[in-house]
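Here's the structure, in structure tokens; my notes come after.
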There are 2 protein chains.
Amino acid sequence: MKKHLEILKKCPLFDGIEEENLIRMLGCLGAKVEYFDKKYTIFAEGAPAKYIGIVLSGSAKIIQVDYYGNRSILSEVERSEVFAEAFACAGVDALPVTVVADEPCEIMLINCSHILHTCANNCGFHQKLIFNLMQDLANKSIMFHQKIEITSKRTTREKLMTYLALRAKKVGRNSFDIPFDRQELADYLEVERSGLSAEISKLRTEGIIECRKNHFELL
Amino acid sequence: MKKHLEILKKCPLFDGIEEENLIRMLGCLGAKVEYFDKKYTIFAEGAPAKYIGIVLSGSAKIIQVDYYGNRSILSEVERSEVFAEAFACAGVDALPVTVVADEPCEIMLINCSHILHTCANNCGFHQKLIFNLMQDLANKSIMFHQKIEITSKRTTREKLMTYLALRAKKVGRNSFDIPFDRQELADYLEVERSGLSAEISKLRTEGIIECRKNHFELL
DNA sequence: AACAGTATGTTGAATTTTCAACAAAAGGAG
DNA sequence: CTCCTTTTGTTGAAAATTCAACATACTGTT
């Protein structure tokens, strides 16, 4: 557990919690660490939503596959970020999404009821954890607002430009990497890959954007 | 304030809080009630996101209007429900959405920092409020997941059918009202009103759905 | 009952997306 | 370096959406 401390201290769930308390806390919460290879499923759709996940290394994607096999990417989860917390906290019985390792991953799993309900030891950190969870959920909510803002646009071009503009604003630069390849970007924007490629080409020849692989620049 | 107690007791924010405590609490939180006429703006995009709103009577819609004037409806807020909590809790400086009264409304406004930060009186209900807020935010997150599930579909027909199926599942019946007129439903599904009307007609002649005004039935 | 105003349905043309199939480029393994 | 696999780009035809314009139905008021 020790080797993950630096990452865990950056996790919004443990914001403002001292290192020594954090270690004790993790024991009390029954936190465990599991390893997943690239492309492996961390949580499968339909599984019970008991656990909160924290990415210790690697990264993962939250996806949803519909009846016809169309994949939709809901979000990307990076190191020190939390996932599946909304389902665990809301007490839904089955996960409506799948979480897949994007690269080899170490994932910390915490049974959410251990966070929500005071334990026998009556340790005093639950309040802080719940406060942090609340702030994290508020931030996730804003993330979804942005995703909806992007996908509510009617054309591929507008979706792409809205996404890139938000990304640029977030990093504070006009030049940045995105965490998606073309197919994944299409699945995030909810458009066709081929149409997306065509649109990127057009924007490039029009001198509006520049891009190489997953690096983009707004001109 | 007394006349709103029955509604407030149903508000998820005050879940598990006794009536007598609730009254004192509201005073301590500095809760105030404002009246808004139909179509009036409760919160405007760009306004500071300090306040959490609770619908005491009437209903409201959370909308987003883009650069070109296209309206997108994010959600509907009914009696005893909370709104704008994510922005207030996450501490964003300006609201990215507008909240509009759908009918004449009484709205309770609470400065979110009064909920988040323990007051001088050191009253003991903050923990419970924060816990409730956390659960509410988790539920909102799930709501957004569903909205994304709906709008990620590629055709108007699929979007509509996904929406209606979720709605039917929620109420547990195949026959139900929706809180939207045609234009609003189109703005919620992120499609054209005329195309939506055409699709509803088709589904009707195909014997898949039945509808009159905002009442729908899945056959 | 008549009217005005709003909401809903209908239609065809223009635009855009999706789909399928293939070409080109990039990356990895041996 | 070469082969093989994966990713990305390109294209044209089919399907769906958007747009604009108008017809019809509905609502509330006088």
Side-chain angles (χ1 to χ4, degrees), chain A residues 37-39 61 66-73 100 102-104 150-164 177-206 208-216, chain B residues 37-39 61 66-73 100 102-104 150-164 177-206 208-216:
Chain A
D37 246 326
K38 187 173 172 172
K39 295 199 179 176
K61 293 206 159 73
D66 77 7
Y67 194 77
Y68 303 102
N70 302 312
R71 178 178 74 164
S72 166
I73 295 183
V100 179
D102 214 36
E103 21 179 352
I150 292 164
T151 56
S152 72
K153 296 286 184 295
R154 299 302 164 80
T155 63
T156 300
R157 167 178 291 231
E158 279 185 303
K159 287 180 193 182
L160 176 59
M161 289 307 291
T162 304
Y163 171 69
L164 294 176
D177 287 348
I178 66 169
F180 300 125
D181 63 27
R182 289 290 180 278
Q183 181 64 62
E184 289 173 332
L185 180 56
D187 291 344
Y188 179 81
L189 300 178
E190 324 282 10
V191 298
E192 263 301 304
R193 182 198 60 79
S194 65
L196 174 61
S197 269
E199 206 57 51
I200 289 175
S201 294
K202 262 199 231 169
L203 286 164
R204 212 160 14 184
T205 62
E206 290 175 27
I208 296 173
I209 68 171
E210 197 53 72
C211 95
R212 232 184 53 241
K213 284 192 55 189
N214 67 334
H215 183 87
F216 283 76
Chain B
D37 245 326
K38 187 173 173 171
K39 296 199 177 176
K61 294 207 158 74
D66 77 5
Y67 194 76
Y68 303 102
N70 301 311
R71 178 178 74 164
S72 166
I73 295 182
V100 179
D102 214 35
E103 20 179 352
I150 292 164
T151 55
S152 73
K153 296 284 185 294
R154 298 303 163 80
T155 63
T156 299
R157 168 178 288 229
E158 279 184 303
K159 287 180 194 183
L160 176 59
M161 288 307 290
T162 305
Y163 171 69
L164 293 176
D177 287 349
I178 66 170
F180 300 125
D181 63 27
R182 289 290 180 277
Q183 182 63 64
E184 290 173 332
L185 180 55
D187 291 344
Y188 180 82
L189 301 179
E190 323 282 11
V191 299
E192 262 301 305
R193 181 198 60 78
S194 66
L196 174 61
S197 269
E199 205 58 52
I200 288 174
S201 294
K202 262 200 230 170
L203 286 164
R204 213 159 15 184
T205 61
E206 291 175 27
I208 296 173
I209 67 172
E210 197 53 73
C211 94
R212 230 184 54 242
K213 285 192 57 190
N214 66 335
H215 184 87
F216 284 75

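Note that the structure is predicted; figures quoted are calculated from it, not measured. Protein chains get the first letters and strands the later ones, always in sequence-line order, with residue 1 at the start of each.
Between the NZ atom of A:K153 and the P atom of C:dT16 there is a distance of 16 Å, given to the nearest Å. For the pair B:D102 CG and C:dA7 P, the interatomic distance rounds to 11 Å; values are reported in whole Å. Atoms CD (A:Q183) and C1' (C:dT18) sit 13 Å apart, rounded to a whole Å. The CG-C1' distance, from A:L203 to C:dT16, rounds to 15 Å in whole Å. Regarding B:F180, its CZ atom lies at a distance of 17 Å from the C1' atom of C:dT8, rounded to whole Å. For the pair A:L196 CG and D:dT10 C1', the computed distance is 14 Å after rounding to whole Å. The interatomic distance linking A:R212 (CZ) with C:dA25 (P) rounds to 15 Å, in whole Å. At whole-Å resolution of the value, CZ in A:R182 and P in D:dT10 are 11 Å apart.
Here the side chains of A:R182 and A:I200 are in contact, with some heavy-atom distance below 4.5 Å. Side-chain contact between A:L189 and A:Y163: present, with at least one pair of heavy atoms (C-beta onward) separated by less than 4.5 Å. Using a 4.5 Å heavy-atom cutoff, the side chains of B:E190 and A:T151 are not in contact. Taking 4.5 Å as the limit, every side-chain heavy atom of A:D102 sits out of range of all side-chain heavy atoms of A:K38. Contact check for A:R71 versus A:Q183: side-chain heavy atoms found under the 4.5 Å cut-off.
Rounded to 10 degrees, the angle separating the terminal axes of the helix from C:dA1-D:dT30 to C:dG30-D:dC1 is 50°, with each axis obtained from five end pairs.
With sequence neighbours left out, B:T155 forms a side-chain hydrogen bond (donor to acceptor under 3.5 Å, both in side chains) with B:E158.
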Let me have a per-nucleotide readout for nucleotides 14-30 of chain D, 5' to 3', with B, S or -, counting only protein heavy atoms under 4.0 Å. --SSSBB------S---

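Considering A:T162, A:L160, A:L164 in turn, A:T162 is the only one that fulfils the side chain to side chain contact (heavy atoms under 4.5 Å, CB included) rule with A:I150.
Taking 4.0 Å as the cut-off between side-chain N and carboxylate O, B:R157 and B:E206 count as a salt-bridged pair.
Across all strands shown, A:S197 has heavy atoms under 4.0 Å from base atoms, whether or not it also approaches the sugar-phosphate.
Residue B:R204 places at least one side-chain N or O under 4.0 Å from the OP1 or OP2 atom of C:dG9.
The listed nucleotides are C:dT10, D:dT10, D:dT7; the one nearest the side chain of A:D181 is D:dT7.
Smallest separation of non-hydrogen atoms from B:M161 and B:I208: CE-CG2, 3.7 Å.
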